[in-house]
Amino acid sequence: MSRWTWCPLLLLLCEVQAQIENRVIFLPGTFQNVSISENETVQVVVSRIPPEVAFVTVQFHTQHRNATLSYTRMPGLGLSLTAVDSGLLSALQPGQVSLSLFLSSPEGGIVAGTGVILPYASTDPLPGACNTEFDLDVNPNVYLHYNLYETQIRFAAANLGYDRGAAPPACDESSEVNTRWRLQYDVYQYFLPENDLSERSLFSGVQAVADIQGLRENGRRVMTLLSSDLSLAVFNSLPGQGVIYSVIARDPLLNTSASYVPVHTYACSFVSTLDGCQTLGKISTKLLFSIAGLAGLFVCFFGHRFFKCELFCMGFSFAMFFLFVLVTRTTGLDYDICLAVSAVVGVVGGVLLVMSWWRFGSVMACIVVVGLMLGFLIASTVLFTPLGDLDVFRRSDAVFWVTFCCMMILVPLFFVRWPREGNIITCGVVGGYAVVLAVNAYVYTSLSYISLNILKRFLNNNFSGVFTDVPFQAIDYVMITVWVVLGVCGVVLQLYRERSRPFFPPSPYLMWLQERERRKTNVLDPSHHAPPLPNRLLARARQLTKRNEPAGEHTPLLL
């Protein structure tokens, strides 16, 4: 039902009133801002309820401070809920025209939020009326839990609606078509504006999706659950990005529906002094990706020309990524320590890749590593699209990783036929993406999740069932443009500059060997007659300790 369905019935009777002392009056479907002082209980009043309304849900939302919503003035177990997104459902009795609930601040201090009361008819489902795991008897709330990898929402099963004064239908006596087992649940997701942690943005988002009509118009339906399914959905955590989740209980037989209380998260803490929402991002991460961005910019335009530098950067990234996964999964070390250890090993990996080319001169062996880097980025990008949310990938890790590895390995095959072109393309694409990651260290952009989703799946065994969709807003399109421009310009510039040069620079060690052989066999080369190195060093030492006497006489020049 629309949030405006019952308003015309009441607009002739009263207008929304501002909060007066400890009492605030709500109109059904109209949002009201409420401020709760310390040690204060605010009475929420709804009056002149039409007889067509069988039950109402009361919602109250704050940004990060808990508020207590209660049926009674003194909150009690099973009669109240304390949360940042709280809601209660009240079934109305025959002749009942008013309703009172109570708001309080459980943690002290002033709590400001916004609330709304939504009316429903007797034919609409009752959200959370078949609750078996939460404290409230009827619980229309969505419960949310998040960690670094995933955000999980749960909710109680709904029941069929009933008239005022009638007995509620039984929840689990049978599973026939005339019971609550015919109900279906649509799970919705709504992204708040990126880089916006303000209350105003949150309250605008809550108002946009609080009821059924707003949720269907503005939210994105990500899945539909049957009554026989677990009332559970898992999503990708997006630290610093506001997301609102809600559920609609739908009766396909009567074509009616009712919404649960929306819940929001930023996947970060507003009260943490370290890595909180306001100071998201560790200094170590910003430092690492700032250096990576500068290196990526250099590789993007000059990688092929300075081949040793390119190999070091690719070897560093390759070794650091996989060691970070290994250390994180097998140890309980702090994040900064894991990052430092991985960076040290990344330096070793970069040096080893450069030395392998310097010593053996095998370009193809090094190009395979470079090709795997490009293959990793391409495979990650493909699975970053909605293709990665297909059930076949979410239900089976084996299918996901086999597909990922096949796409990743196919790319180096291109390098076998066109090694120089492939290497230059890798420099442009990977170098441009490194710049995007550097920008993400300071300004949130969803493009970072191209690689971060793969990292999360490496680190978390249960990440396969997570919906990995992320918002695409203005900053993301700007960063895509930057990435494309950098990549194209870098590739074109390097192809033009290297068109008349050898495909790859020769190995310094092999050049040294050839030069040494040339000096040994070429008697016309002055270096061929040079004394051995020990003799030259000894002669130099003698020059430092002994003064050479001048030879001959000092006489004027004869003209």
Side-chain angles (χ1 to χ4, degrees), residues 1-14 25-31 44-60 69-72 78-79 81 86-101 115-131 134 136-142 155-173 177-186 210-216 227 246-262:
M1 296 178 63
S2 170
R3 57 184 169 194
W4 310 113
T5 302
W6 301 108
C7 288
L9 299 175
L10 298 178
L11 287 175
L12 298 176
L13 303 174
C14 62
I25 297 178
F26 278 77
L27 285 178
T30 303
F31 277 85
V44 177
V45 178
V46 182
S47 60
R48 305 178 187 271
I49 302 176
E52 300 86 37
V53 178
F55 63 94
V56 295
T57 58
V58 181
Q59 303 178 18
F60 189 71
L69 181 61
S70 175
Y71 288 110
T72 59
L79 298 175
L81 180 67
S86 55
L88 295 177
L89 186 147
S90 295
L92 302 176
Q93 299 301 318
Q96 184 177 355
V97 295
S98 63
L99 175 70
S100 292
L101 295 172
V116 67
I117 294 181
L118 300 178
Y120 294 98
S122 59
T123 56
D124 298 323
L126 270 72
C130 287
N131 172 41
F134 305 111
L136 296 172
D137 290 336
V138 178
N139 198 328
N141 294 278
V142 177
F155 55 93
N159 199 359
L160 300 179
Y162 55 93
D163 295 326
R164 291 192 184 194
C171 287
D172 296 315
E173 282 189 358
V177 71
N178 59 344
T179 65
R180 63 102 177 174
W181 291 95
R182 72 177 186 236
L183 298 179
Q184 299 177 0
Y185 303 90
D186 297 329
D211 64 356
I212 297 172
Q213 179 180 346
L215 193 58
R216 286 174 173 167
S227 293
S246 191
V247 180
I248 292 178
R250 182 164 45 85
D251 188 340
L253 183 63
L254 300 179
N255 197 25
T256 57
S257 55
S259 64
Y260 284 72
V261 177

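Just so you know, these numbers come straight off a predicted model, no measurement behind them.
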Q: Could you check if a side-chain atom of Pro28 sits within less than 4.5 angstrom of a side-chain atom of Val46, using non-hydrogen atoms only?
A: yes

Q.
Within this structure, what is the OG1-CG distance for the pair Thr123 and Leu253, rounded to the nearest 0.5 Å?
A. 11.0 Å

Q: Decide side chain to side chain contact (heavy atoms under 4.5 Å, CB included) for Tyr120 and Ile212; before the verdict, give the C-alpha distance in whole Å, the side-chain angles of both, and the deciding distance to 0.1 Å.
A: CA-CA 11 Å; Tyr120 294 98; Ile212 297 172; 4.1 Å; yes

(Q) Main chain of Asp211, side chain of Ser259: is a donor-acceptor contact present, judged purely on distance under 3.5 Å? (A) no

**Q.** Shortest non-hydrogen contact from Trp181 toward Asp172
**A.** CZ2-OD1, 3.5 Å

**Q.** For the student: nearest non-hydrogen atoms of Gly161 and Leu126, plus distance
**A.** CA-CD1, 3.2 Å

**Q.** For Val58 against Leu69, the heavy-atom pair lying closest together
**A.** O-CD2, 3.7 Å

Q | Closest heavy-atom pair and its distance - Arg250, Ser257 | A | CA-CB, 4.1 Å

Q: State whether the side chain of Arg180 and the backbone N or O of Ala170 hold a donor-acceptor pair below 3.5 Å, judged by distance alone.
A: no

Q. Hey, what do you get for CZ (Phe60) to CG (Leu88), rounding to the nearest 0.5 Å?
A. 12.5 Å

Q) Looking at CG of Asp251 and CG of Asp124, how far apart are the two atoms once the value is rounded to the nearest 0.5 Å? A) 9.0 Å

Q) How about Ser122 and Asp163: does a side-chain donor come under 3.5 Å of a side-chain acceptor? A) yes

Q.
Run the side chain to side chain contact (heavy atoms under 4.5 Å, CB included) test on Asn141 and Leu136 for me, step by step, so that the C-alpha distance in whole Å, both residues' side-chain angles and the decisive distance to 0.1 Å come before the verdict.
A. CA-CA 10 Å; Asn141 294 278; Leu136 296 172; 4.0 Å; yes

Q: List in chain and number order the residues that pass side chain to side chain contact (heavy atoms under 4.5 Å, CB included) with Val247, two or more places apart in sequence or in another chain; answer none if no residue qualifies.
A: Val142, Phe155, Tyr185, Val187, Tyr260

(Q) How close do Leu118 and Val116 get, counting heavy atoms only, and between which atoms? (A) CD2-CG2, 4.0 Å

Q) If only atom types and distance count, is the side chain of Thr57 paired as donor or acceptor with the main-chain N or O of Val261 below 3.5 Å? A) no

Q | Euclidean distance, Leu215 CG relative to Ile248 CD1, rounded to 0.5 Å | A | 4.5 Å

Q: Start with the C-alpha distance between Arg182 and Leu254, add both sets of side-chain angles, then the distance that settles side chain to side chain contact (heavy atoms under 4.5 Å, CB included), and finish with yes or no.
A: CA-CA 10 Å; Arg182 72 177 186 236; Leu254 300 179; 3.8 Å; yes

Using residues 90-98 as the side-chain source, report each donor-acceptor pair under 3.5 Å to any protein atom, sequence neighbours left out, with the distance given to one decimal.
{"from": "Gln96", "atom 1": "OE1", "to": "Gln93", "atom 2": "N", "distance (Å)": "2.9"}
{"from": "Gln96", "atom 1": "NE2", "to": "Ser98", "atom 2": "O", "distance (Å)": "3.0"}

(Q) Contact between Gln59 and Pro262 at the side-chain level, heavy atoms closer than 4.5 Å - yes or no? (A) yes

Q | Atom CG of Asn178: over 12 foreign heavy atoms under 6.0 Å | A | yes

Q) Roughly how far apart are Leu101 CG and Phe26 CZ, rounded to 0.5 Å? A) 9.5 Å

Q) Nearest heavy-atom pair of Asn131 and Asp137: which atoms, and what distance? A) CB-O, 3.6 Å

